[in-house]
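Below is one structure, written out as structure tokens, with a few remarks after it.
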2 protein chains.
Amino acid sequence: MDDRVREHADVLVDWSARIEPGDEVVVCVAEGAHELGVAVAEKLGEVGANVVTTYDSAEVSRAYQRAHDGDFEADPDHALALYEAADAVLRLGGGRNTTALADVPSGTRRAHARARTGIREARMATDWVSTVHPTRSLAQQAGMAYEAYREFVYNAVLRDWEALAGKMAHMKEILDEGSEVRLVKERDDQPDTDLTMSIGDRTAVNSAASVAYDSHNLPSGEVFTAPYDTAGEVFFDVPMTIDSRRVRDVRMVFEDGEVVDFEAERGADEIESVLATDDGARRLGELGVGMNRGIDRVTDNVLFDEKMGDTVHLALGRAYDSTIPYGETGNQSAVHVDLITDVSEAARLEVDGEVVQRDGAFRFEEGFEG
Amino acid sequence: MDDRVREHADVLVDWSARIEPGDEVVVCVAEGAHELGVAVAEKLGEVGANVVTTYDSAEVSRAYQRAHDGDFEADPDHALALYEAADAVLRLGGGRNTTALADVPSGTRRAHARARTGIREARMATDWVSTVHPTRSLAQQAGMAYEAYREFVYNAVLRDWEALAGKMAHMKEILDEGSEVRLVKERDDQPDTDLTMSIGDRTAVNSAASVAYDSHNLPSGEVFTAPYDTAGEVFFDVPMTIDSRRVRDVRMVFEDGEVVDFEAERGADEIESVLATDDGARRLGELGVGMNRGIDRVTDNVLFDEKMGDTVHLALGRAYDSTIPYGETGNQSAVHVDLITDVSEAARLEVDGEVVQRDGAFRFEEGFEG
């Protein structure tokens, strides 16, 4: 086994999920994640945790959902019992075909997901962490050779997380203390971006790939908060896949916190359908600043893309509770759709009028030119 | 997908486990059993059952057990909760390497199994069924080509179970009413067999591959009971693997129900170690009559071998409760080791002095010559 697979397991178990002896751990292994499953089991054995391994097969799910009449029973007892008794859930993604569920009617998929709301909540009440094992299918999705993709994934995952968390703490502090964010980008080859958002009273999350930081993705490496009263225009130049459809070069105009106009080089119908979901889908639920410089290219996988260094992302829809003052509610919506913009050149991020990031470099980094 | 995989799933879900709408089903998928897992999920979706799929990977188990200090926690809550809430457990065997656990110390394996006693009991309190998906690894174990092995497995599994159950009912009736069984074999090429066993008061099980028949293996196709007061000698000419070691041509002598002497062409040490386990290991826990004529050759897999038509098997060790009168206990032991003898020629099985099977043919079949 490649040493990096074991290192990945070590980071996941120790840094991300903080597993302790005697913890009841559910490990969910995707079809292509066997090798990481073995490494994680070895690590959990070493720690002395207790393990149930589930098989997260997209093909098994497809077969079940397509054959079912669609009237799914809510939160089956045995599944609920498993997750309610779990201390941690480690989800090892990495399928063999990213479009394995393409012919499951979306209504069926939604009904199945809805029927598992209680199970999802039980899972999210644990120290859960999602990661991915590099598979050929994901390499293909990224348009990369397998070996190069493995390099890419381990470069993103095997960071000095403690050091990155320290750096991200600066960004969190700036956002926590700030009231207004302005994102400006003036490149000759694309429409201008000039967007302002309020962030007063909101709490930023230092998403350092660990439950200790309220962060549940490995890799992570972003600081995010929940903006409101958004106004201006923004151009998202990083291509995305939303609900299996490609979306690219989206220009969006906001007034009084809501999307009032948009155009897209590709995937306009998809954006239209997202915006039509509910009222909250026209408002932002997240402003995220990508700070993982181990992620240096787009791979058509939001788990990686939104963490990419030198990018900023905004999500239409639901805000995360952790960013909202206790007792209040953030933007509500059935969707949370991330859109990303490259800020590596001719771009700046300001907080309360002060430049925090220019052309990718942060104020608290060497090489920053305010 | 090969139609036979779907037919296998149909037999498993409908005939064997009798799954009904709303049942909470755990499907345990071995490393090589993905395809059957998909077919079973499809079938369970059709029926409207609820599914949790676990990953029964030998390599995951090996990694966990080897890394652990061996002081396993008894019956982890989350695993116990899953099985206690389950109505049925479908175990889809079929690994990629039958010796994947070869370097886990046997003490560790035993400690791990012991620590899961409660979980095993919870599982066995459900409508559980074990079956196997034909894999290249199992074909290799059987010394067969893959395609030929698939033929073999489906021939064993895709029977007219209702008809076989009817035929086996005759055998059960004979054993239920009988007091003494005598097995005689006189072949020139091997030591004679002449063994008598008491079966008075014991109940035979018509093992027709269905929970409705108290039978939990697919394929099945045997009628078994729990003998006592065994006396005489028997020659087991069907090769077996016991705890990863090959055993062949075992001659065993019984007096007053206990093994008093034995010799083996191969694997004598292994037999010795089985007999030394505890007092019960020297007595028989099972007399089984193989009646599945779809199984026409030895494949070094006891799930199949002991069901083979024209064979009789005896197990050293633990008796199954279902064969023992209510309130009494059968032979107790930590082991249950099956040994098989070919009765296709120069052999007869008598019950209370009447020939029931001669050279493989049963009294209730055409072609039987008493």
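Computed over heavy atoms, backbone and side chain alike; hydrogens, waters and symmetry mates excluded. Proteins get letters first, then strands, A, B, ... in listed order; numbering begins at 1 in each. What you see is a predicted model; the values in this text were computed from it and never measured.
With a 6.0 Å radius and a threshold of 12 heavy atoms from other residues, nucleotides or ligands, B/Arg4 has its CZ atom above the threshold. Within a 6.0 Å sphere centred on CD of A/Glu151, other residues, nucleotides and ligands contribute 12 heavy atoms or fewer. More than 12 non-hydrogen atoms from other residues, nucleotides or ligands lie less than 6.0 angstrom from CD of B/Gln141. Atom CG of B/Asp14 has more than 12 neighbouring heavy atoms from other residues, nucleotides or ligands inside a 6.0 Å radius. At most 12 non-hydrogen atoms from other residues, nucleotides or ligands lie less than 6.0 angstrom from CG of A/Asp321.
Taking the side chain as every heavy atom from C-beta outward, A/Tyr64 and B/Asn50 approach each other to under 4.5 Å.
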Under the side chain to side chain contact (heavy atoms under 4.5 Å, CB included) criterion, do A/Thr54 and B/Tyr55 qualify, and how do the steps go?
CA-CA 5 Å; A/Thr54 68; B/Tyr55 188 45; over 6 Å; no
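Between chain B and the options A/Leu80, A/Val51, A/Asp69, heavy-atom pairs under 4.5 Å are most frequent for A/Val51. Counting heavy-atom pairs closer than 4.5 Å to chain A, the top residue among B/Asp87, B/Val52, B/Asp56 is B/Val52. Put simply, of A/Glu73, A/His68, A/His78, the one with the most heavy-atom pairs under 4.5 Å next to chain B is A/His78. The most heavy-atom pairs under 4.5 Å with chain A, out of B/Ala67, B/Ala85, B/Ser61, come from B/Ala67.
Atom CG of B/Asp77 and atom CG of A/Leu82 lie 11.5 Å apart (nearest 0.5 Å).
Residue-level contacts of residues 91-126 of chain B with chain A, in order of numbering, are B/Arg96; threshold 4.5 Å between heavy atoms. Within residues 23-40 of chain A, the residues having any heavy atom under 4.5 Å from a heavy atom of chain B are, by residue number, A/Glu24, A/Val25, A/Val26, A/Val29, A/Glu31, A/His34, A/Gly37, A/Val38.
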